[in-house]
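Start at 1 with the first residue, then count along the sequence.
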Amino acid sequence: INQLKQQSKKLLPKNLNYNDIETLSKEAREKLTISKPTSLGHAAQLPGVSKADLTALLVWLKIEQMKKAERKDSLQKTS
């Protein structure tokens, strides 16, 4: 329950292009693009966005976060 509460508070980037996330259903991409939710909790309340879509979005965000951390580490090592 606590994990669900934390995830629903997770903020979504304002400039997120949902069409880049191929693991989202087409309907979810359309709904998310139109409504531009500010958090995962807001996204969860949109009709047409399934639990599978929310999971795919969480995974995509985590992967992007890891990529940014790797790039930051690489830049620090080369400096």
- prompt: Are the side chains of Thr55 and Thr23 in touch, meaning some heavy atoms are under 4.5 Å apart?
  reply: no
Is the closest side-chain heavy-atom distance between Thr38 and Leu12 below 4.5 Å? no
Distance col, row Ser39:OG vs Lys9:NZ, nearest 0.5 angstrom, shows 10.5 Å
NZ of Lys10 to CG of Leu54, rounded to nearest 0.5 Å, is 13.0 Å
Output for pair (Ile63 CD1, Lys68 NZ), nearest 0.5 Å, gives 13.5 Å
Interatomic distance, CG@Leu46 vs NZ@Lys36, rounded to 0.5 Å, equals 12.5 Å
Scanning both residues in full, the closest heavy-atom pair of Gly48 with Asp53 reads O-OD2, 3.9 Å
Output for pair (Trp60 CH2, Leu24 CG), nearest 0.5 Å, gives 9.0 Å
Smallest heavy-atom separation, Arg29 atom then Glu22 atom, equals NH2-O, 3.5 Å
Closer than 4.0 angstrom, basic N to acidic O: yes or no for Lys67 and Glu64? yes
#### Entry: Any Asp73 side-chain heavy atom under 4.5 Å of Glu70 side chain
no
Here the gap from Leu11 atom CG to Leu40 atom CG, rounded to the nearest 0.5 Å, amounts to 10.0 Å
When Pro37, Ser8, Ser35 are each screened for side-chain contact (heavy atoms from CB on, under 4.5 Å) with His42, the one that passes is Pro37
Could you see if Leu16 belongs to whatever hydrophobic cluster contains Leu58? Use Ile, Leu, Val, Met, Phe, Trp, Tyr and a side-chain cutoff under 4.5 Å. yes
